[in-house]
K.L.:
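I am attaching a structure below and will ask some questions about it afterwards.
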Amino acid sequence: MSQPPRIFAPHRRLAARRRAMVLQNQPNAAHYLLDDMVEDVLERLSFVQMTPRRALVVGDWTGALGAALRAQGAEVVEADPAGLRGAMVLDEEQPYLLRDFDLIASLGTLDTVNDLPGALIHMRQALAPGGVMIASFAGAGSLPALRAIMMAADGERPAARMHPMVDVRAGAQLLQRAGFADPVSDGRAVKVRFRSLAGLVGDVRAQAWSGVLTQGGPPIGEAGYARALVAFDELAEDGRVTEVFEILTLSGWRR
């Protein structure tokens, strides 16, 4: 069997998550994307009237989802690719050591695995019969403003700085390929207005949405940064740039 292409660098992926944790210790650190994902998972569970007995929560370094599920009486295992905040270290591209979960919720991690189809298969295999998987992560259409700014910064030699992302249609196909029953793929946009390029980049880094490509672009340099600032100002309306964070959510059941 051929190996999946190595688009993402595992060491850069883990480093981005660890850097985000350091930044989260600063006052007013941004975590609105995870907050949105946690709220969405709880709303979906309420809609299908499901109260899991045993849940695996992956990637939620806020701890909010685990706390909410425990309050409902669930046994919760928390995991993270980088083992953040003492969570169990989980390699999503390998079979899970723990299984028979009624719920597996993955928040903000699957967009940077090299073998996404395999990762989804491992999740389905770790579910108990009748269990549900809900995975939310960065989807296609994210960060259009920052992409345009980086293109301007690179000038005549544009470099790959942001990774490719999955759209709703491809997400549905991946769920079917992984063997999930009743697959659902949908996306939603979180729009945020920024007064400065530094604020935009800071929020991206603090929430581990920065690029982790195996072959990233060269340093921008002073001239490139100056072009980036000009591009930011050109995109601004009333002194602010509106950025879009597209969240893709995939869900499915093991029957």
Side-chain angles (χ1 to χ4, degrees), residues 3-24 30-34 36-38 41 56-62 78-85 87-96 104-123 126 133-144 146-147 150 159-168 170-171 173-175 177-178 185 187-188 190 200-217 243-251:
Q3 295 294 317
R6 307 302 290 179
I7 300 172
F8 307 108
H11 70 281
R12 293 190 66 195
R13 180 180 189 240
L14 299 183
R17 296 189 65 77
R18 292 178 183 129
R19 178 177 62 186
M21 270 293 80
V22 173
L23 295 174
Q24 286 299 314
H31 47 78
Y32 46 80
L33 298 175
L34 261 181
D36 180 277
M37 294 178 192
V38 168
V41 170
L56 173 64
V57 176
V58 182
D60 179 20
W61 36 256
T62 70
E78 296 187 78
D80 186 89
L84 301 181
R85 295 197 186 277
M88 178 183 72
V89 176
L90 177 68
D91 183 349
E92 294 134 308
E93 297 188 61
Q94 298 295 325
Y96 291 15
I104 297 179
S106 174
L107 308 182
T109 69
L110 288 184
D111 57 307
T112 52
V113 296
N114 283 300
D115 185 8
L116 181 52
L120 290 172
I121 289 172
H122 295 319
M123 294 176 77
M133 181 277 302
I134 303 174
S136 294
F137 51 93
S142 290
L143 303 174
L146 188 56
R147 290 177 188 273
M150 289 298 97
R161 299 190 182 277
M162 297 184 182
H163 56 264
M165 298 176 183
V166 178
D167 61 19
V168 170
Q173 294 170 342
L174 286 167
L175 287 169
R177 178 177 173 183
S185 173
R188 61 189 181 278
V190 176
L200 168 55
V201 173
D203 276 18
V204 169
R205 289 177 173 172
Q207 298 179 94
W209 275 50
S210 48
V212 294
L213 292 171
T214 298
Q215 297 181 342
E243 186 58 286
V244 179
F245 299 84
E246 187 75 20
I247 298 177
L248 177 68
T249 299
L250 307 181
S251 63

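Counting begins at 1 with the first residue of the sequence. Note: hydrogens, waters and symmetry copies are ignored here, and every other heavy atom, side chains too, is used.
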K.L.:
What's the separation between atom OG1 in Thr62 and atom NE2 in His31, rounded to the nearest 0.5 Å?
P.N.:
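Here the rounded value is 7.5 Å.
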K.L.:
Using side-chain contact (heavy atoms from CB on, under 4.5 Å) as the criterion, point out the one residue from Arg18, Gln24, Glu78 that pairs with Leu84.
P.N.:
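Per the side-chain contact (heavy atoms from CB on, under 4.5 Å) rule, the option paired with Leu84 is Arg18, out of Arg18, Gln24, Glu78.
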K.L.:
Tell me whether Glu92 is salt-bridged to Arg13, with the criterion being a basic N under 4.0 Å from an acidic carboxylate O.
P.N.:
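Answer for the salt bridge query: yes.
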K.L.:
Measure the spacing between CZ of Phe8 and CG of Leu116 and express it to the nearest 0.5 Å.
P.N.:
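Output value for this atom pair is 9.0 Å.
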K.L.:
Do Thr112 and Arg12 have a side chain donor and acceptor closer than 3.5 Å?
P.N.:
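Looking only at side-chain atoms, Arg12 and Thr112 do not form any donor-acceptor pair under 3.5 Å.
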K.L.:
Can any side-chain N or O of Gln207 pair as donor or acceptor with the backbone N or O of Tyr32 at less than 3.5 Å?
P.N.:
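Yes: the side chain of Gln207 pairs with the backbone of Tyr32.
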K.L.:
What are the two closest heavy atoms between Ala119 and Leu110, and how far apart are they?
P.N.:
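Taking Ala119 first and Leu110 second, the nearest heavy atoms are CB-CD2, 4.2 Å.
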K.L.:
Could you tell me the separation between the CD1 atom of Ile7 and the CD atom of Gln215, rounded to the nearest 0.5 Å?
P.N.:
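That separation rounds to 11.0 Å.
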K.L.:
With a 4.0 Å cut-off on N to O distance, would you call Asp80 and Arg17 a salt bridge?
P.N.:
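Yes, charged N to carboxylate O under 4.0 Å.
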K.L.:
side-chain contact (heavy atoms from CB on, under 4.5 Å) with Leu107: which of Val41, Ile134, Ile247?
P.N.:
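So, applying the side-chain contact (heavy atoms from CB on, under 4.5 Å) to Leu107 and each of Val41, Ile134, Ile247, only Val41 qualifies.
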K.L.:
How close do Leu56 and Ala79 get, heavy atom to heavy atom, and via which atoms?
P.N.:
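Reported closest heavy-atom pair: CD1-CB, 4.0 Å.
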K.L.:
Can you tell if the side chain of Gln173 reaches within under 4.5 Å of the side chain of Pro117, non-hydrogen atoms only?
P.N.:
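No - every pair of side-chain heavy atoms lies 4.5 Å or more apart.
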K.L.:
Donor-acceptor pair, distance only, cut-off 3.5 Å: does the side chain of Asp115 make one with the backbone of Glu93?
P.N.:
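Here the side-chain-to-backbone pair does not exist.
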K.L.:
Between Phe245 and Trp209, how do the two ring planes meet: parallel, tilted or perpendicular, split at 30° and 60°?
P.N.:
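Perpendicular: the ring planes of Phe245 and Trp209 meet at over 60°.
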K.L.:
How long is the span from the CG atom in Leu90 to the NE2 atom in His122, to the nearest 0.5 Å?
P.N.:
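The CG atom of Leu90 sits 10.0 Å away from the NE2 atom of His122.
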K.L.:
Identify the heavy atoms of Pro144 and Val244 that sit nearest to each other, and give their distance.
P.N.:
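Here Pro144 and Val244 meet closest at CD-O, 3.7 Å.
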K.L.:
If I compare all heavy atoms of Leu175 with all of Met133, which pair ends up nearest, and what's the gap?
P.N.:
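That would be CD2-CE, 3.6 Å.
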K.L.:
Can you see which heavy atom on Gly171 is nearest to which on Val166, and at what distance?
P.N.:
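Result for this residue pair: N-CG1, 3.6 Å.
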K.L.:
Counting N and O atoms only, with roles assigned by atom type, does the side chain of Ser185 sit under 3.5 Å from a partner on the main chain of Val168, one being a donor and the other an acceptor?
P.N.:
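Present.
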K.L.:
Calculate, to the nearest 0.5 Å, the distance between atoms OG and CG belonging to Ser106 and Asp60 respectively.
P.N.:
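It comes to 10.5 Å.
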K.L.:
Tell me the closest heavy-atom pair linking Thr109 and Gly59, and the distance in Å.
P.N.:
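Result for this residue pair: CG2-CA, 3.9 Å.
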K.L.:
If you define the side chain from C-beta out and look only at heavy atoms, does anything of Met162 sit under 4.5 Å from Ser210?
P.N.:
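A side-chain contact under 4.5 Å is absent here.
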K.L.:
Should we say atom CZ of Arg147 is surrounded by more than 12 heavy atoms from elsewhere, each under 6.0 Å from it?
P.N.:
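Correct, the count exceeds 12.
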K.L.:
How long is the gap from NE2 on His163 to OG on Ser142, to the nearest 0.5 Å?
P.N.:
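Reported value, rounded in 0.5 Å steps: 8.0 Å.
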K.L.:
Taking C-beta and beyond as the side chain, do Asp167 and Leu248 meet within less than 4.5 Å on heavy atoms?
P.N.:
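No, every pair of side-chain atoms sits at 4.5 Å or beyond.
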K.L.:
Within the structure provided, determine whether Met123 and Tyr96 are in side-chain contact (heavy-atom separation under 4.5 Å).
P.N.:
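Yes, at least one pair of side-chain atoms sits under 4.5 Å.
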